[in-house]
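Comments concern the structure below.
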Amino acid sequence: MADPNVQSDKSTGDDKKGRELTIVLPGPDGTFEAVAHLEHNEDVAQPPRLVKISKHLLDSSTPTSDDRERETHIIISTASGHRTASHFFKECVDPILATLYPSTHETFTIHTTQSASSVLELTNTVLFPKADEGKPLRVILLSGDGGIIDVVNGLSSRPTSTAYIPPQVILLPLGTANALYHSINVGKENTWGLNALASTASHPLPIFTATFSPGARLLVDEARSAEPLATNSLGHGVLHGAVVCSWGMHASLVADSDTTEYRKFGLDRFKMAAKDALYPADGSLPHAYKARVSVLKNNAWLPLQEKEHLYTLATLVSNLEQPFCISPASKPLDGSMHLVYFGPTSGDDAMRIMGLAYQGGKHVSDPAVRYEAIDGLRIEFQGGETEGRWRRICIDGKIVRVEGDGWVEVRKEERRVVDVVVVDGTA
């Protein structure tokens, strides 16, 4: 599906040297449009370079609202992806904002992350109080999936007042996988979210709540330390997500590849970790994960017959990476949750199944794969796994280790805490 705001997308000679992308951005007051000419290299995960931006007046005698009452915050995640967020903002995003919002862009508040907890702290101390008192907010987020998840958790961490207004978030995908961005914009030209800078349309972001048994710990600092989770009124640990909850192979790959050394390889880090996990050095089969797994459908928990598992994943999105379609039945922001599951198998067969996901989601038609819409997922370990590494749960890239007799329960969340800015009627 073509994006009408993308006027041209052509090669500037050799594709390896760069491609030109021209984006037309309507002015927020309806009296002009900005035309941004960009160039980027398709062979690397680097954001585009702004070549030129121009402004064209329109024949409009009736200006529309420019949404000036919405307070704008810009969050630059310095450590995301290839650490290009700061440069991308200075060289590309800021000039576009100055053109679109000439009278107000200097009032936008810029926040640069200083640590892994910066976005969550900012949400707790700045964004939530303003939203809860009824202040309309726009948040421009230069980050990967971790950034929006920290915003979701900060906004979901306490009850809201009747005055609460969900902040609007513009996603500029500066992470490694950018699952949420690519799922929202599936089938469209990748404009790195820049066309959303001129949009005032938004859609509620579907989220889920993962509740953990007492003793579950969030692994941090490359799993060298563990922290307690925020808890609910029953004392159970809680994390909120918008992308995926997984256990087994997927969670292990995310956890094992989340190191400084692995991150140097970008998306390839997941494939490198997969080879280590699926082909043990002693020549044995991949680990068969042991637990009781149940799915929630029509308000009833239905246990799976299988007692050993390899891949157990519940997701609200279609793509975990731009080319990796994990749930082809998911539509942008539709709020559906799908289970993707298969049991113990050989490393070769697991790689074959995952390879089908890179072919438009063909894995869901494989006889070995269970794929269905669900409302929740529950995993109960019941002492079946003595080693903590087999009890790691992935919630949108964050890793939680559950106790030996512990459990995790995931349900779709009905609360609306944040809206995502969309373009051209998405969702």
Side-chain angles (χ1 to χ4, degrees), residues 152-153 156 206-218 229-252 254 287-318 320 326-330 334-344 363-364 366-386 388 390-396 398-416:
V152 166
N153 275 278
S156 305
I207 61 175
F208 62 80
T209 297
T211 307
F212 294 86
S213 54
R217 292 290 184 270
L218 177 68
L229 295 164
T231 56
N232 61 17
S233 59
L234 299 176
H236 296 146
V238 173
L239 268 180
H240 304 279
V243 178
V244 65
C245 168
S246 72
W247 168 63
M249 187 178 99
H250 179 268
S252 293
V254 173
H287 181 74
Y289 295 78
K290 302 173 185 63
R292 174 188 172 98
V293 177
S294 304
V295 296
L296 181 63
K297 301 184 73 170
N298 299 321
N299 295 316
W301 286 103
L302 308 174
L304 273 60
Q305 293 183 351
E306 296 85 353
K307 304 302 181 184
E308 295 186 342
H309 324 271
L310 184 59
Y311 197 96
T312 304
L313 181 148
T315 183
L316 293 179
V317 303
S318 60
L320 296 183
I326 191 66
S327 178
S330 299
D334 68 354
S336 66
M337 176 180 285
H338 284 80
L339 173 75
V340 182
Y341 170 91
F342 59 89
H363 63 295
V364 301
D366 190 281
V369 175
R370 178 170 180 160
Y371 178 62
E372 60 185 313
I374 61 174
D375 296 315
L377 174 70
R378 184 176 174 91
I379 300 167
E380 301 166 272
F381 288 99
Q382 303 176 323
E385 292 288 5
T386 58
W390 308 128
R391 302 192 305 271
R392 293 177 297 182
I393 306 294
C394 173
I395 304 294
D396 291 8
K398 297 182 184 296
I399 303 298
V400 177
R401 186 178 59 222
V402 179
E403 297 295 281
D405 290 319
W407 49 265
V408 59
E409 181 176 301
V410 176
R411 291 175 181 254
K412 291 193 292 185
E413 177 66 65
E414 297 301 323
R415 276 202 298 169
R416 174 187 171 194

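Rounding to the nearest 0.5 Å places NZ of K297 at 13.0 Å from CE of M337. Distance CG/L316 to CZ/F208: 6.0 Å, rounded to 0.5 Å. Rounded to the nearest 0.5 angstrom, I207 CD1 and R415 CZ are separated by 6.5 Å.
In plain terms, the two heavy atoms of L218 and K398 that are nearest each other are CD1-CB, 4.0 Å. The heavy-atom pair separating V243 from T315 by the smallest distance is O-OG1, 2.8 Å. Of all heavy-atom pairs between G343 and L310, the closest is O-CB, 3.4 Å. The heavy-atom pair separating E306 from Y341 by the smallest distance is CB-OH, 3.3 Å. Across A242 and V317, no two heavy atoms sit closer than the pair O-CG1, 3.6 Å.
For N298 (side chain) and A300 (main-chain N/O), no donor-acceptor pair under 3.5 Å exists by modelled atom type. Looking at D396, its side chain does come within 3.5 Å of a backbone N or O of V244 through a donor-acceptor pair.
Under the 4.5 Å side-chain criterion, counting only non-hydrogen atoms from C-beta, S213 is not in contact with H236. The closest side-chain heavy-atom distance from F342 to D366 is not below 4.5 Å.
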| field | Worked verdict on H250 versus I326 for side-chain contact (heavy atoms from CB on, under 4.5 Å) | value | CA-CA 11 Å; H250 179 268; I326 191 66; over 6 Å; no
| task | Test side-chain contact (heavy atoms from CB on, under 4.5 Å) on V400 and L239 and set out the steps. | result | CA-CA 9 Å; V400 177; L239 268 180; 3.7 Å; yes
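The aromatic rings of H287 and W390 lie parallel to each other, with less than 30° between the two planes, well short of the 60° mark. Relative ring orientation between Y371 and H338 is described as parallel, the plane-to-plane angle staying below 30° on a 0-90° scale split at 30° and 60°.
Among the candidates F381, W407, Y311, the single residue satisfying the ring pair (Phe, Tyr, Trp, His ring centres under 6.0 Å) test with W247 is F381.
Here R292 pairs with S294, P303, E380, Q382 under the side chain to side chain contact (heavy atoms under 4.5 Å, CB included) rule; sequence neighbours left out.
The local environment of CZ in R392 is crowded, with over 12 non-hydrogen atoms from other residues, nucleotides or ligands closer than 6.0 Å.
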